[in-house]
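What follows is one structure encoded as C-alpha cells, with my remarks underneath.
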Amino acid sequence: MMKISQEMRAQLETVKKNARTGTESKQPFNRIVQSQVDQMKQDELQRVMEQINVQGERLAKSRNFRDLATFKRLVKDFLKEAVSTGLDLQKSHNFSMTGQSNEMVIVKKVDKKLLELTEDVLNEEKKVVDLLGTIGEIKGLLVNLYM
C-alpha cells in the first residue's frame with residue numbers, strides 16, 4: 001500500500017506541474033488574443049468615425065432628412081460601440097464636480113448637439129457653415145470619448 005500511495009503522489013505532482021505550465025503558457029496567448037480584439041475594436045471605431053465624416057459632409061451639402069437620419073444612426077452606432085466595448089477596456093473613472101463620469105457628460109453633450117443639428121437642418125435659414133460647425137463639435141466630442 002505504501003508503494004501505491006507514493007506512485008499516486010508522484011502522478012499527482014506530475015499532473016499539478018503540467019497544469020501549472022499549461023496555465024502559464026495560456027496567459028501570453030490570452031494577452032495576444034485580447035490585444036487583437038482591442039485592435040479590432042479600435043479599427044471599427046475608426047471606420048465608423050470615417051463614415052461619420054463623410055456623412056457629415058454629405059449632410060451639410062444636402063440638408064435633407066435622410067442624410068440627417070443616417071448621420072444620427074452612425075453617431076448612435078459609434079456611441080454604442082465606444083461605451084459598450086471601448087470604454088470598458090480603459091475604465092477611466094474621471095468624475096466631474098457634480099459626481100458624473102466624464103464619459104456620461106460627453107454622451108449627454110453629443111445628444112444635445114444632435115438635437116441642435118436637427119433644429120439647424122429644419123431651419124432653412126441656417127448657413128452651411130453653422131451646420132459644419134455643429135457637425136465638427138459632434139465629431140470632436142466623439143473623438144474625446146474614445147481617446
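Since this is a predicted model, take the numbers as computed values, not measurements. These values consider heavy atoms only, across backbone and side chains, with no hydrogens, waters or symmetry-generated copies.
- Summarising the geometry of Leu132 relative to Ala60, their closest heavy-atom pair is CD2-CB, 3.4 Å, with the distance given to 0.1 Å.
- In terms of heavy-atom proximity, Asp130 sits nearest to Asp120 at O-OD2, 4.4 Å.
- Checked against side-chain hydrogen bond (donor to acceptor under 3.5 Å, both in side chains), Gln36 has no partners two or more places apart in sequence or in another chain.
- Leu115 and Leu131 fall into different hydrophobic clusters, where Ile, Leu, Val, Met, Phe, Trp and Tyr residues are linked whenever their side-chain heavy atoms come under 4.5 Å apart, directly or through other members.
- A donor-acceptor pair under 3.5 Å links the side-chain atoms of Thr70 to the main chain of Arg66, judged by distance alone.
- When all heavy atoms of Leu117 and Leu59 are compared, the closest pair comes out as CD2-CD2, 3.7 Å.
- Annotation: the span from Leu45 atom CG to Glu50 atom CD amounts to 11.5 Å, rounded to 0.5 Å.
- Between Phe71 and Leu114 the shortest heavy-atom distance is CE2-CD2, 4.0 Å.
- Nearest heavy atoms, Met49 versus Lys139: CE-O, 3.2 Å.
- With hydrogens and angles ignored, the 3.5 Å screen pairs no side-chain donor or acceptor of Arg63 with any backbone N or O of Leu68.
- Cluster membership check: Val143 shares its hydrophobic cluster with Leu74, using side-chain heavy-atom separations under 4.5 Å among Ile, Leu, Val, Met, Phe, Trp and Tyr.
- Atoms CG and NZ, from Leu142 and Lys113 in turn, are 12.5 Å apart once rounded to the nearest 0.5 Å.
- Gln55 and Arg58 share a donor-acceptor pair across their side chains, judged by distance under 3.5 Å alone.
- Under 3.5 Å, the side chains of Glu57 and Asn53 contain no donor-acceptor pair of N or O atoms.
- By the side-chain hydrogen bond (donor to acceptor under 3.5 Å, both in side chains) test, Glu44 is found to be paired with Arg47, residues two or more places apart in sequence or in another chain being considered.
- Under the side chain to side chain contact (heavy atoms under 4.5 Å, CB included) rule, Leu141 has a single partner from Val110, Val75, Asp111, which is Val110.
- Ile32 is not connected to Met40 by any chain of hydrophobic side-chain contacts under 4.5 Å among Ile, Leu, Val, Met, Phe, Trp and Tyr, and they are in different clusters.
- You'll find the side chain of Glu81 stays beyond 4.5 Å of the side chain of Val48, heavy atoms only.
- Contact record, Gly56 with Ile135: O-CD1, 3.2 Å, taken as the closest heavy-atom pair.
- Atom NZ in Lys72 sits 11.0 Å away from atom NZ in Lys76 (nearest 0.5 Å).
- Counted by atom type alone, Gln39 and Asp43 present one or more donor-acceptor pairs between their side chains at under 3.5 Å.
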